[in-house]
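These notes concern the structure reproduced below.
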Amino acid sequence: PEQVPLAIKSFADKQEALVEVTAYSSLPPHPSVLQLLDVVALSNNRLGLVFPRYDQNLRDLASERQAGCRAGALERAFELEELQHCALCLGRGLEHVHAHGLTHTDLKPDNVLVVGGGLAKVAPKDFVEALRQLPLKVVIADFGLAQLADPGHRALPSSKEVAKKVASFNRGWAASV
């Protein structure tokens, strides 16, 4: 089986971690929403949420690409096809989140993660060709401020349900990193 690079989001405040775990636990997997893989105990009484690692966020990718453009050139950081692809992924992800009774409330380029097999390192003139070979994978991340879209729609999982979900992770609360 292929090994997936991992990233750990560390929390000093366990309540903040539980808010995010609760939001992620209420969402079935979707290709445009970051998937929580595990919750682990870290040193210094911190909790870590384990996710697949993405190359960078959308803001950093745009900044990197703009810096790579020739000085004075009116080149864009993204080709039209990439913008359409990102918009489609974000729309599908938000549709999924909203269909499960949540609103993200903090959607911004920092909370959109991307991976493209090194696409960010490609010269601007090669973007379209690179896209045909290695399309960007775009996911919505950071559900720390998520709220119920419609309180009457359905309830978030109870703390007991979240505890069961956390206990079902491979390493659970007792693991140490």
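Computed from a predicted model, the values in this text were never measured in an experiment.
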Rounded distance (nearest 0.5 Å) linking atom CG of Leu94 with atom NE2 of His30: 10.0 Å
Gap separating the CD atom of Glu64 from the CG atom of Asp55, nearest 0.5 angstrom: 9.0 Å
Residue list, side-chain hydrogen bond (donor to acceptor under 3.5 Å, both in side chains) with Asn44, at least two apart or on another chain: none
Nearest-0.5 Å distance that lies between atom CG in Leu90 and atom CG in Leu58: 7.5 Å
Which atom of His96 lies closest to which atom of Pro28, heavy atoms considered: NE2-O, 2.8 Å
Nearest-0.5 Å distance that lies between atom CG in Leu113 and atom CZ in Phe51: 9.0 Å
Common cluster, Ile140/Leu88, ILVMFWY with side-chain heavy-atom separation under 4.5 Å: no
Spatial distance of atom SG (Cys89) from atom CD (Gln84) [nearest 0.5 Å]: 12.0 Å
All pairs passing salt bridge (Lys or Arg N to Asp or Glu O under 4.0 Å) where residues 83-110 contributes a residue, at least two apart: Arg59-Asp110, Asp106-Lys108
Pairwise distance OG1(Thr22) to CD(Gln15) - rounded to 0.5 angstrom: 8.0 Å
Hphob cluster co-occupancy, Leu61 + Leu83, side-chain heavy atoms under 4.5 angstrom: yes
Side-chain touch Asn57/Asn111, heavy atoms, less than 4.5 angstrom: no
Hphob cluster co-occupancy, Leu37 + Val19, side-chain heavy atoms under 4.5 angstrom: no
